[in-house]
Amino acid sequence: MTKPLKKLPGVLSFQRCLLVTDALFFNLFPDGVTSPLPVVRHGIRGTQNINKTGKKEVSSAGSVVRGEVSNIQTTDSAKLDPGAEKLRVRFEVRFLDISAALFACAPGKTDSSDDLLAFREGLNRFIEKGKQSTGLEEVACRYARNLANGRFLWRNRAVAEHVLVRVKDKSGLNVCFDALQVPLNTFAEYSDDEKAVAGRILEGLRGRRDTSLLVEADVDFGVRGALEVFPSQNYLEDKARGFARPLYCVGEAPANQDRHSVQERGQAALRDQKVGNAIRTIDTWYPEYAGRGLPIPVEPNGASLDAQLFFRGEKDTSGFTYMLRVADMAPDTPEGMFLLACIIRGGVFSESA
């Protein structure tokens with residue numbers, strides 16, 4: 001057994017081994033033709049619905065005049081074309097060699113060079129063992145499941161009547177999934193098609209370069225017409241009064257638009273970070289999973305935005321603590337699989353004196 005380290009190196013970071021694009025939104029028409037689905041900015045007249053029992057000074061709607069009934073707003077929306085049959089969401093993803101994940105590893109002011117050398121050797125051994133392990137195979141299968149079940153669609157999946165996910169690559173892989181029938185919260189009994197996708201992911205994590213995947217989801221909401229769909233939202237630090245929400249879009253807005261009418265802003269999309277978060281929502285190894293039954297994204301401290309909790313905040317289950325024991329970690333164990341997924345996620349693990 002290797003002598004345990006007291007602290008991680010003063011400089012320690014990993015580059016992410018999951019490259020993912022924004023997921024672009026398209027109208028899908030009955031004849032198979034697609035067109036970019038735009039974000040539009042427009043005005044609406046709604047009603048005020050704020051909790052009048054709260055203190056105005058600390059309310060998120062503190063700028064609202066509480067006696068007003070009308071709520072005049074400028075907002076962004078994304079809607080299907082009236083003639084569209086479905087929403088199509090498209091992105092590409094590629095997994096990189098985990099042997100190249102280590103980006104920086106250097107001593108802090110109080111770090112021993114012998115300890116640093118031992119840490120690097122132990123980390124390299126763990127990664128090399130991990131590349132050939134059944135633990136990495138399981139991690140790849142979990143990523144594949146989150147492509148197959150359409151988790152990356154977020155709210156669009158929740159309101160869909162049917163979702164078809166197609167995964168293709170340049171080598172001939174072409175598989176389809178009835179996404180709403182693929183489990184969201186468990187990882188077991190993978191289908192042959194899921195294993196085929198996982199195989200390509202695994203090849204990328206083991207060093208093969210030409211393993212990018214094209215993922216398309218056709219979302220049928222069960223109704224026809226100009227239906228609202230849900231791209232990412234942008235965060236604004238200081239929103240102007242009367243501005244409800246900005247939606248994420250890519251590309252340029254058309255020129256010479258009538259400023260007194262609805263204005264197109266660009267093509268609606270889900271941000272790459274949101275797609276990546278969905279793909280790596282595979283952590284069922286955290287202690288509370290048995291009671292909650294919900295996987296969380298792989299994060300060193302188990303951070304969950306949905307629950308607003310750290311599920312790995314205790315030292316003995318933190319990814320930082322596991323990293324200290326990396327030299328003796330077995331990649332086929334729950335702890336080892338979580339640590340492999342943390343390395344794939346990337347990030348900073350530096351520890352100051």
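The residues of the chain are indexed from 1 along the displayed sequence.
- A salt bridge is defined here as a Lys NZ or Arg NE, NH1 or NH2 lying under 4.0 Å from an Asp or Glu carboxylate O, and D316 with R312 fails to meet this definition.
- The existence of a salt bridge linking K7 and D115 is excluded, since no basic side-chain nitrogen approaches an acidic carboxylate oxygen closer than 4.0 Å.
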Note to self: One pair to check against side-chain contact (heavy atoms from CB on, under 4.5 Å): N146 and I282. What are the steps and the verdict?
What the structure shows: CA-CA 8 Å; N146 280 339; I282 64 169; 3.5 Å; yes

Notebook entry, point to check: Where do F152 and V20 land on the side-chain contact (heavy atoms from CB on, under 4.5 Å) test, with the steps shown first?
Noted result: CA-CA 11 Å; F152 55 84; V20 62; over 6 Å; no

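- Under the 4.5 Å side-chain heavy-atom criterion for Ile, Leu, Val, Met, Phe, Trp and Tyr, Y322 and F349 are members of the same hydrophobic cluster.
- Here the side chains of N27 and E85 are not in contact, with every heavy-atom distance at 4.5 Å or above.
- Summarising the geometry of C17 relative to I98, their closest heavy-atom pair is SG-CA, 4.0 Å, with the distance given to 0.1 Å.
- Taken to the nearest 0.5 Å, the OG atom of S133 stands 5.5 Å off from the CG atom of L340.
- Around CD of E189, the count of heavy atoms belonging to other residues, nucleotides or ligands within 6.0 Å does not exceed 12.
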Notebook entry, point to check: How far apart are the C-alpha atoms of R200 and L213, what are their side-chain angles, what is the distance that settles it, and do they pass the side-chain contact (heavy atoms from CB on, under 4.5 Å) test?
Noted result: CA-CA 8 Å; R200 296 298 285 161; L213 300 171; 4.1 Å; yes

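- Using a cut-off of 4.0 Å between Lys/Arg side-chain N and Asp/Glu carboxylate O, E216 and R90 are scored as salt-bridged.
- D169 and S171 are linked by a side-chain donor-acceptor pair at a separation below 3.5 angstrom, with hydrogens and angles left out of the test.
- Side-chain atoms of Q308 come within 3.5 Å of backbone N or O of L305 as a donor-acceptor pair.
- By the 4.0 Å N-to-carboxylate-O rule, R88 lies close enough to D218 to be salt-bridged with it.
- Among Y289, Y286, W285, the one residue that satisfies the ring pair (Phe, Tyr, Trp, His ring centres under 6.0 Å) test with F311 is Y286.
- Rounded to the nearest 0.5 angstrom, N124 CG and L102 CG are separated by 7.0 Å.
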Check: Are D210 and R208 close enough, and set up right, to give a salt bridge (charged side-chain N to carboxylate O under 4.0 Å, His left out), and what steps lead you there?
Finding: CA-CA 6 Å; D210 57 339; R208 184 166 174 172; 2.8 Å; yes

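- A distance of 10.0 Å separates CZ of F310 from OG of S304, quoted to the nearest 0.5 Å.
- Residue I201 comes nearest to A144 through the heavy atom pair CD1-N, 3.9 Å, listed as atom of the first residue, atom of the second, then distance.
- No path of Ile, Leu, Val, Met, Phe, Trp and Tyr side chains, each step under 4.5 Å between heavy atoms, connects W154 with L184, placing them in separate hydrophobic clusters.
- Other residues sharing the hydrophobic cluster of F26, ordered by chain and number and joined by side-chain separations under 4.5 Å: L24, Y248, V250.
- Under the rule for a side-chain hydrogen bond (donor to acceptor under 3.5 Å, both in side chains), the partners of N234 that lie at least two apart in sequence or sit in another chain are R271.
- For Y190, the side-chain hydrogen bond (donor to acceptor under 3.5 Å, both in side chains) test picks out E138, with sequence neighbours left out.
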Residues 294-303, side-chain donor-acceptor partners within the protein, below 3.5 Å, at least two apart:
from : atom 1 : to   : atom 2 : distance (Å)
E299 : OE1    : R345 : NE     : 3.0
E299 : OE1    : R345 : NH2    : 2.8
E299 : OE2    : R280 : NH1    : 3.0
E299 : OE2    : R280 : NH2    : 3.3
N301 : OD1    : S318 : OG     : 3.4

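- Using a cutoff of 4.0 Å between basic side-chain nitrogens and carboxylate oxygens, R125 and E128 are not scored as salt-bridged.
- Each of L96 and V93 belongs to its own hydrophobic cluster when Ile, Leu, Val, Met, Phe, Trp and Tyr are linked at side-chain heavy-atom distances under 4.5 angstrom.
- Judged as a side-chain hydrogen bond (donor to acceptor under 3.5 Å, both in side chains), and not counting sequence neighbours, R155 has no contacts.
- When all heavy atoms of V219 and A160 are compared, the pair lying nearest together is CG1-CB, 3.6 Å.
- More than 12 heavy atoms of other residues, nucleotides or ligands shown are found within 6.0 angstrom of CD on Q15.
- L164 and L214 are not part of a single hydrophobic cluster, where members link through side-chain heavy atoms under 4.5 Å apart.
- Using modelled atom types, no side-chain atom of R142 and backbone atom of T186 make a donor-acceptor pair closer than 3.5 Å.
- Judged purely by atom type and a 3.5 angstrom limit, N277 has no side-chain atom pairing as donor or acceptor with the backbone of Q273.
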Margin query: Could you walk me through whether R166 and K168 satisfy the side-chain contact (heavy atoms from CB on, under 4.5 Å) test, starting with their C-alpha distance in whole Å, then the side-chain angles of each, then the deciding distance to 0.1 Å, before giving a yes or no?
Written below: CA-CA 7 Å; R166 184 181 301 104; K168 300 188 287 187; 4.0 Å; yes

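- For P287 against T317, the heavy-atom pair with the smallest separation is CG-CG2, 3.8 Å.
- For the atom pair CZ of F338 and OG1 of T333, the computed distance is 12.0 Å after rounding to the nearest 0.5 Å.
- Under 4.0 Å is where a charged nitrogen must lie from a carboxylate oxygen, and between D97 and R209 no such pair does.
- Scored by the side-chain hydrogen bond (donor to acceptor under 3.5 Å, both in side chains) test, R206 finds no partners at all (sequence neighbours excluded).
- For the pair F91 and L270, the minimum side-chain heavy-atom distance is 4.5 Å or more.
- E351 CD to T110 OG1: the interatomic distance, rounded to the nearest 0.5 Å, is 9.0 Å.
- Using a 4.0 Å cut-off between charged nitrogen and carboxylate oxygen, D272 and K274 do not count as a salt-bridge pair.
- Separation of atoms CG (D81) and CZ (F29) is listed at 4.0 Å; rounding is to 0.5 Å.
- Note on V139 and L202: same hydrophobic cluster, where clusters join Ile, Leu, Val, Met, Phe, Trp and Tyr whose side-chain heavy atoms are under 4.5 Å apart, directly or indirectly.
- No donor-acceptor pair under 3.5 Å is formed between the side chain of Q181 and the backbone N or O of D178.
- Without hydrogens or angle criteria, N149 side chain to A179 main chain gives no donor-acceptor distance under 3.5 Å.
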